[in-house]
Amino acid sequence: MNEIRSPRLLALLLLTFFATSMPTRAASSWRKISPEGASIQTLAAAPGSAGVVYSVTARGSFYSSSDGAGNWSSRQSPRLYLSELVVDPVRSEILYGVSFEGVVKSVDGGRSWSSPLFTGGVWTLSVAPSAPNNIYVSGFRAPGENTILKSTDGGATWVDTGFNEGGGAALAVDPTDARIVYSGDFRSDDGGTTWAEALSGPDDPRGGKAGIVKLVIDPRQPSTIYGGSFGQVFKSTDRGATWSLAWAGPESLAFLEALVIDPMSGAVFALFADSNGDEVFRSTDGGANWQPVFSRFRIQGMAVDGRLPGRLYVGTRAGGVYRSDDGGSSWVAANHGFRELGFTSVAADPHTPGVLFAVADANPFGILGLTPRIVFRSTDGGATWSSPFGNPESSPYVNEMASDPNQPGTWYLAHASGVLKTQDGGESWENASKGLRFPEFVYTITLAPSQPEKLYALGWDTFPLCEGTDCLKIIVYHSRDGAAQWQGASVPGLAPRFLLTSLAVDAASPSVVYAGGPALFKSSDGGVSWKKSGRGLGGGAFELVTDPSKPGALHAVVARANGHKVFLSRDGSETWEPASRGLPSGVLISKLTPDATTPGTVYAATSRGLYVTRNRGKLWTAMNDGLGDLPVWTVALDPLRPGVVYAGRPDGLFVFSEDPAGH
């Protein structure tokens, strides 16, 4: 037998032997498990094609469907942020997008968009059904200076009609005669050259004249017009010459957002909004009687399918699109293809395999605490999802959640006005806010690892940026009985304009708790008293986690000029050492999550994807294969399945496991 003399060849043969003889290990992978959905800004159905629907989301993305909202596909987003979509009555591929900066046009179903046809504030746009190149736009030159523009060549050129009356937000064109145009209770019979006011304008039941803000013409009987005031619906049967009150509107102080007519059945739908939520009403007898058919937190658009009797679509801010096939009597969610739910929090149940809770932000660009967040629950590892609060819009604005490792089915939610608790896995919820200020914006909640019945919660004043001397201070609350009763303590030395953003409890000592923000604070008596800590940290710590395997050890995220840095303390925040090696320069860190089963392992959700350290921060490595280096908002581990990691991003929720099936 010939002797092998080359060390390199010998090494290659040995590697080949071990590679072929060792058991094969499943490749690591990321896969998406989040529910589909989006926050809808506006939507429109194509009058000339059955099942063709278009929508614009709160992020400004444009989607289309050709099968009645059964499936949605993303198209080119217009450059302007659109408040309204109008589809050509005959040519379904032609669309107009309305914004306060002008009007844009697409001639290919949203695959591409023009530059603004003109610039200026626009209220609404209407296309003449009998001559679709004739377009009318109601807009304003300056506040209080309304005007109506007209184009006879599909928006290529425009002329000012000279309309300078008050209002102007309502606009409609006769379906059979393009020369007849309505604006409020004014009518033009010559294409906008001259205007005449109604012989008998609508009277407001509360006194004075009612201003028409919405108009819709019955296509089966063009002489019949419905006009909406702020809280009422009016009707004219003589092309707007005279008006009468059809409905005084709902009892609550509501604003009429939209009016539409089903051209097949003649049913009229009115969308009203008030502080308690939005509601769609239906009349099937010409406005004599009205019944509520749909209600949600915020309804952002409504459209009827002109080719399918009883087909109605509504867009909502939290629940995406809903569709009715029977004129509003029943509804189904129609969100397949929408991928615009951003996930801010996720957690796996420590007792029941496959049970997940996740919080999705339906509009991540909204104002703090005023846009809905949807709480989702899955019992099959993310294959299917539902809201434990019923309709998605019924979810509270949840900031953080925590589960009790000793009590199966027990979860806590920190939300915009307190704390909620469930003891049956989310089937029912109780208010667990006794002792908190009301209303209290509870930003985060955490349990003591060694004694989970001890909880800590961080309360913000409802207006946390208040600078007056009478502003309420940031409060750190503690409970010793599973949130049955809370007590609070203010943190000294914290300026009113700054916020605390993180809480962490020592792994072995439930009375040792840290609070991070513009400075680091520590309590050794269970949150009763506080003192500044973190000497040598060189700044505030807005994200804190304690080491579950090493008492007295904790990591902190600190802002620096070149991004966020991680520091490690081994002695209860007395001294600190750098722990950022391997993290990209300029990276932003939104969350740290330690692995309770593997000492020294910590995961970081960052603006450049997900990173992990196996040695308490001596070295971080990316784990973005299959995930990409897009921002990650949150990260969580599955306590029942080692190696399974969940990552929430602006475009969905993802799971990582050694087994691609997630087992």
Side-chain angles (χ1 to χ4, degrees), residues 275-277 297 318 344-345 347 357-359 361 367-377 387-407 409-448 451-466 471-491 494 496 499-505 510-511 513 515 517 523 526-528 530:
S275 58
N276 297 319
F297 172 73
T344 60
S345 184
F357 281 84
V359 179
D361 198 324
I367 301 174
L368 179 66
L370 299 181
T371 60
R373 283 186 175 175
I374 308 169
V375 179
F376 286 105
R377 179 182 58 181
S387 172
F389 293 93
N391 294 323
E393 294 83 357
S394 301
S395 293
Y397 186 99
V398 174
N399 295 305
E400 192 57 270
M401 52 192 175
S403 62
D404 190 325
N406 292 346
Q407 299 294 328
T410 298
W411 288 78
Y412 302 91
L413 301 182
H415 66 102
S417 56
V419 174
L420 292 174
K421 179 180 180 180
T422 180
Q423 299 181 76
D424 54 15
E427 296 298 323
S428 61
W429 298 84
E430 60 182 295
N431 186 13
S433 303
K434 187 177 181 181
L436 303 180
R437 296 178 300 184
F438 180 80
E440 181 67 285
F441 188 99
V442 181
Y443 183 71
T444 190
I445 190 168
T446 188
L447 288 69
Q451 295 183 27
E453 70 276 9
K454 293 187 176 181
L455 297 95
Y456 297 89
L458 189 58
W460 288 1
D461 178 31
T462 306
F463 300 98
L465 300 183
C466 173
C471 291
L472 296 175
K473 294 182 179 180
I474 306 303
I475 302 294
V476 179
Y477 292 95
H478 61 269
S479 172
R480 295 178 173 84
D481 50 15
Q485 177 71 42
W486 294 91
Q487 294 180 323
S490 59
V491 179
L494 187 68
L499 302 175
L500 294 176
T501 57
S502 183
L503 290 173
V505 187
S511 295
V513 58
S523 173
V528 176
W530 294 85

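Note that the structure is a prediction, hence the values are computed from the model and not measured. Values below: all heavy atoms of this structure, side chains included; hydrogens, waters and symmetry mates excluded.
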Are Leu436 and Phe438 side-chain neighbours, meaning at least one heavy-atom pair lies under 4.5 Å? no

To the nearest 0.5 Å, what is the distance between CH2 (Trp486) and NE2 (His478)? 9.5 Å

Sequence neighbours left out, what passes side-chain contact (heavy atoms from CB on, under 4.5 Å) with Thr344? Give chain and number order. Val359, Asp361, Arg373, Trp633

Counterpart residues, side chain to side chain donor-acceptor pair (under 3.5 Å), relative to Glu430 (two or more places apart): Gln423

Ala358: side-chain contact (heavy atoms from CB on, under 4.5 Å) partners, not counting sequence neighbours: Phe343, Val346, Trp385, Leu653

Results of ring pair (Phe, Tyr, Trp, His ring centres under 6.0 Å) for Trp411 - residues two or more places apart only: Phe357

For the student: nearest non-hydrogen atoms of Ala457 and Leu503, plus distance: C-CD1, 3.6 Å

Closest heavy-atom contact between Gln451 and Pro510? NE2-CG, 3.5 Å

How about Val491 and Val476: do any of their side-chain heavy atoms sit closer than 4.5 Å? yes

Over all atoms of both residues, closest heavy-atom pair of Ile374 and Pro392: CG2-CB, 3.7 Å

Taking the side chain as everything from C-beta on, heavy atoms only, tell me whether Tyr456 gets closer than 4.5 Å to Leu447. no

Is there a side-chain contact between Pro396 and Leu420 in this structure, where contact means two heavy atoms from C-beta onward sitting under 4.5 Å apart? yes

Thr446 side chain to Ala504 backbone, donor-acceptor under 3.5 Å: no

Which residues share a side-chain contact (heavy atoms from CB on, under 4.5 Å) with Ala489, sequence neighbours left out: Trp530

Value rounded to 0.5 Å, distance of OG in Ser490 from CD1 in Ile474: 10.5 Å

Quick one: pull up NZ in Lys421 and OG in Ser428 and give me the separation to the nearest 0.5 Å. 11.5 Å

Between Ser479 and Leu455, is there a donor-acceptor pair closer than 3.5 Å when you use the side chain of the first and the backbone of the second? no

Under the side chain to side chain donor-acceptor pair (under 3.5 Å) test, residues paired with Ser523 that sit two or more places apart: Asp525

Side-chain heavy-atom pair Val442, His415 within 4.5 angstrom cut-off: no

State, yes or no, whether a side-chain contact exists between Phe376 and Pro388 at a heavy-atom distance under 4.5 Å. no

Contacts of type side chain to side chain donor-acceptor pair (under 3.5 Å), residue Thr422, not counting sequence neighbours: Asp424

Quick check: do Val419 and Leu413 have side-chain heavy atoms less than 4.5 Å from each other? no

Does Trp460 use its side chain to pair, donor to acceptor, with the backbone of Ile475 at less than 3.5 Å? no

Kindly write out the residues that satisfy salt bridge (Lys or Arg N to Asp or Glu O under 4.0 Å) with Arg377, not counting sequence neighbours, or none if the list is empty. Glu427

Derivation and outcome, side chain to side chain contact (heavy atoms under 4.5 Å, CB included), residues Arg480 and Gln487: CA-CA 9 Å; Arg480 295 178 173 84; Gln487 294 180 323; 3.9 Å; yes

Could you grab the distance from atom OG of Ser395 to atom CZ of Phe297, nearest 0.5 Å is fine? 11.0 Å

Can you name the side-chain contact (heavy atoms from CB on, under 4.5 Å) partners of Asn431, sequence neighbours left out? Ser433

Taking every heavy atom of Ala416 against every heavy atom of Asn399, the minimum-distance pair comes out as N-ND2, 4.3 Å

By side chain to side chain donor-acceptor pair (under 3.5 Å) - contacts of Ser345 (at least two apart): Glu400

Under 3.5 Å, side chain of Tyr477 to main-chain N/O of Arg437, donor-acceptor pair present? yes

